[in-house]
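Report on one structure; see the data block that follows.
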There are 2 protein chains.
Amino acid sequence: MKVTAIEEYGLRCLLLLARNGGESMTLSEIGVKEGLSVPYVSKLLMILRKAGLVKADRGRNGGYLLASAPQRVTLGEVMNSLGEPLLSSGHCKRYSGERDSCVHSADCSIRSVWRSFDRIFSSLLESITLADLVSGGDRLGAFGDFRLNGSASNPQQRDDVAEVPLRNANTLAT
Amino acid sequence: MKVTAIEEYGLRCLLLLARNGGESMTLSEIGVKEGLSVPYVSKLLMILRKAGLVKADRGRNGGYLLASAPQRVTLGEVMNSLGEPLLSSGHCKRYSGERDSCVHSADCSIRSVWRSFDRIFSSLLESITLADLVSGGDRLGAFGDFRLNGSASNPQQRDDVAEVPLRNANTLAT
DNA sequence: AATATCCTTTACAAAAAAGTAAAGTATATT
DNA sequence: AATATACTTTACTTTTTTGTAAAGGATATT
C-alpha cells in the first residue's frame, strides 16, 4: 500500500504553487525549491497541466500557476489526476494472475475491503483543499485524531466494529 | 495510491488457506485455486512463512497451513508482512528528490495527511480478521457504509469536517 | 529581426517491482 | 535404500515505474 512518486512529488509542486500567491513559477524555480531536477518537474507539471490543475504561460516571463484558487482544489482532484484510486476500475483485470480474469471476480471479499477503504479515502481527500494544507495547523491537525464510526444507514449491524481504537503513530525519519 | 501485487496475491493465498479448515495445501494446489504460477505462489508463501503467518511441512504429504486460527489473524498483520504501510519510516528519505533528505523534512503538511490516513487504515485493518473475510457478508458489508467523524479528544475544532459524505462507488470490471 | 527565456514533446535510460527457472534439501512411502 | 513428492534458496528475466535527454515551438525583450 503505497503513495507513488508521481503522486507525492506532484502534490508537492501544486502546494508550492498554492503558497506562491497566484504568481507563476518557472520549472527551474520549482525544481530548486523542491529539490527536483528540471526535466522531472517538467514531466510532473505537464501531467498537472493536462489534468487542468495548472496553467502554463510560454515564452519569456512564462511559468506555471494554479488554474483555480487553492480553496477550490481538493486533494481528491489532485490524487485522481496524478494516479489511480486504491480500487481502480482496472484492479481485477490487473491482478488476474495467469488467467485473463481473476478467479474471484464473481464473489470477492477482498475487493469489498478495498472498496470500503477507497470510499473512506476518497471522502477524506475530497474534504481537504490545497488551502487547508497551506494554512497548516488547525484544520489538518484534527485529522490525526480521527476515528471511525459506523454510519446511521445500517445501524443495527455495526455495534461490533464501532469505535475502532487508533494504533500508535509510525516513527518517522525526522 | 495502490495495493501492490504481493499484498493482493499474498492476502488471497492466506484467505484460501483460511477457508481450507486447518488442512494444509501444497503450492500447486494453491496455484491452481488462485490462478497463479507455482513459482510465484512459492515466493508469496515464503514471505508469509518468514513473517510467521503460515507454517510449512516439507517432504511428501507436505504443504502450507495457517500458523494461527483465522479469527486471530488481522489484516493489519497480513499487510505489514507483505508490504509497507502508507506512511513508512522510510517515506521521507525515499522521496527526497535529488537531495539526500527531503527539503520539507522539518515541516511537512503533506506528511500529516498521510500519517492520518495511515492511522485510519491501520485501525481498520487491525479490526478485520481473516475469519471476517471468510464468513463474508455481515461484518464486511458494514464497512461499505462507513463514514468518518471527528473524535472526542479534540471536539471543539472539528465541526467543519464531521460527517463527510461518501462519494459514489467505483465502477468495477464485474 | 535576433535572441534569450521558458514551456512542449518524444524518445530513451535507469531503477524497482513482478514474475520465472533451476538446482537443492527434507520427508513419507515402497 | 530408492524414489516420488514437496518445500527452500538463489539467481535471473521481464515488466512497470521512475527519472533523464534533447530537439522543437512560443513569447517578450533588445
Side-chain angles (χ1 to χ4, degrees), chain A residues 1-13 17 23-32 34-65 67 82-84 88 90-91 93-99, chain B residues 1-13 17 23-32 34-51 53-67 82-84 88 90-91 93-99:
Chain A
M1 193 97 74
K2 61 183 293 196
V3 177
T4 69
I6 301 280
E7 288 166 346
E8 175 77 29
Y9 291 132
L11 175 53
R12 288 185 196 173
C13 291
L17 290 177
E23 293 296 306
S24 76
M25 297 183 77
T26 67
L27 289 174
S28 54
E29 285 173 326
I30 297 171
V32 169
E34 291 297 325
L36 301 172
S37 74
V38 172
Y40 192 39
V41 170
S42 167
K43 183 179 197 165
L44 294 169
L45 272 286
M46 198 54 49
I47 294 171
L48 292 168
R49 186 182 65 76
K50 288 177 177 170
L53 287 169
V54 301
K55 287 179 186 172
D57 289 330
R58 299 175 69 160
R60 195 155 176 165
N61 299 348
Y64 286 94
L65 47 91
L82 293 167
E84 301 229 293
S88 69
H91 185 94
K93 185 152 35 177
R94 171 175 189 152
Y95 296 135
S96 65
E98 288 189 313
R99 306 203 178 185
Chain B
M1 194 95 74
K2 60 184 294 196
V3 177
T4 68
I6 301 280
E7 289 165 345
E8 174 77 29
Y9 291 132
L11 175 53
R12 288 184 196 174
C13 290
L17 289 177
E23 294 296 306
S24 77
M25 295 183 77
T26 67
L27 289 174
S28 54
E29 284 174 328
I30 297 171
V32 168
E34 290 298 325
L36 301 172
S37 75
V38 172
Y40 191 39
V41 170
S42 168
K43 183 178 197 166
L44 294 169
L45 272 287
M46 199 55 49
I47 293 170
L48 292 169
R49 185 181 66 76
K50 287 178 177 167
L53 288 169
V54 301
K55 287 180 184 169
D57 289 330
R58 299 176 70 161
R60 197 156 175 169
N61 299 348
Y64 287 94
L65 51 95
L66 285 187
L82 292 168
E84 302 230 291
S88 69
H91 186 92
K93 185 153 33 176
R94 172 175 188 153
Y95 296 135
S96 64
E98 288 188 314
R99 305 203 179 185

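Below, read A as the first sequence line, B as the second, and so on, with proteins coming before strands; counting in each chain starts at 1.
Rounded to the nearest 0.5 angstrom, Lys55(A) NZ and Leu17(A) CG are separated by 13.0 Å. A distance of 11.0 Å separates CG in Asn61(A) from OG1 in Thr26(A), rounded to the nearest 0.5 Å. Taking OG of Ser24(B) as the reference point, atom CD1 of Ile30(B) lies at 9.0 Å (rounded to 0.5 Å). Here the CZ-OG distance, from Arg49(B) to Ser42(B), works out to 10.0 Å after rounding to the nearest 0.5 Å.
For DNA chain D, the residues of residues 37-51 of chain B within the heavy-atom distance limit of 4.0 Å (strictly under) are Ser42(B), Met46(B), Arg49(B), Lys50(B), sorted by number.
Look at CG on Leu27(B): it is 11 Å from C1' on dT5(D), rounded to the nearest Å. Here dT5(D) presents its C1' atom at 14 Å from OH of Tyr64(B), a figure rounded to the nearest Å. For Glu8(A) and dT18(D), the CD to P distance is 12 Å, given to the nearest whole Å. Across the protein-nucleic acid pair, Ile6(B) atom CD1 and dT15(D) atom P stand 17 Å apart, rounded to whole Å. If you measure from atom OH of Tyr95(B) to atom P of dA16(C), you get 11 Å, rounded to the nearest angstrom. A straight line from CZ of Arg99(A) to P of dG19(C) spans 16 Å, rounded to a whole angstrom. Atom pair Glu7(A):CD and dG19(D):P shows a separation of 13 Å (rounding to whole Å applied). Rounded to whole angstrom, the span from the CD atom of Glu84(B) across to the C1' atom of dA17(C) amounts to 13 Å.
Side-chain atoms of Tyr64(A) do not come within 3.5 Å of backbone N or O of Leu48(A) as any donor-acceptor pair.
Residue Leu36(B) is out of contact with every strand shown, counting any heavy-atom pair closer than 4.0 Å. Using a 4.0 Å heavy-atom distance criterion, Lys55(B) is classed as making no nucleic acid contact. Tyr9(A) comes within 4.0 angstrom of sugar-phosphate atoms only, judged by non-hydrogen atoms across all strands, and of no base.
Residues Leu53(A) and Ile47(A) fail the side-chain proximity criterion, which asks for heavy atoms closer than 4.5 Å. The shortest side-chain heavy-atom distance between Lys43(B) and Met46(B) does not fall under the 4.5 Å cut-off. In this structure, the side chains of Leu36(A) and Leu44(A) come closer than 4.5 Å at one or more pairs of heavy atoms.
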Check nucleotides 26-30 of chain C against the protein and report each pair of N or O atoms closer than 3.5 Å, with its distance, or say if there are none.
{"from": "dA26(C)", "atom 1": "O4'", "to": "Arg58(B)", "atom 2": "NE", "distance (Å)": "3.4"}
{"from": "dA26(C)", "atom 1": "O4'", "to": "Arg58(B)", "atom 2": "NH2", "distance (Å)": "3.4"}
{"from": "dT27(C)", "atom 1": "O2", "to": "Arg60(B)", "atom 2": "N", "distance (Å)": "3.1"}
{"from": "dA28(C)", "atom 1": "O3'", "to": "Asn61(B)", "atom 2": "ND2", "distance (Å)": "3.2"}
{"from": "dT29(C)", "atom 1": "OP1", "to": "Asn61(B)", "atom 2": "ND2", "distance (Å)": "3.3"}

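The stretch residues 2-12 of chain A participates, sequence neighbours left out, in these side chain to side chain donor-acceptor pair (under 3.5 Å) pairs: Thr4(A)-Glu7(A), Glu8(A)-Arg12(A), Glu8(A)-His91(B), Glu8(A)-Trp114(B).
Each of Gly63(B) and Arg94(B) was assigned the nucleotide of DNA chain D with the nearest heavy atom; the assignment lying further toward the 5' end belongs to Gly63(B).
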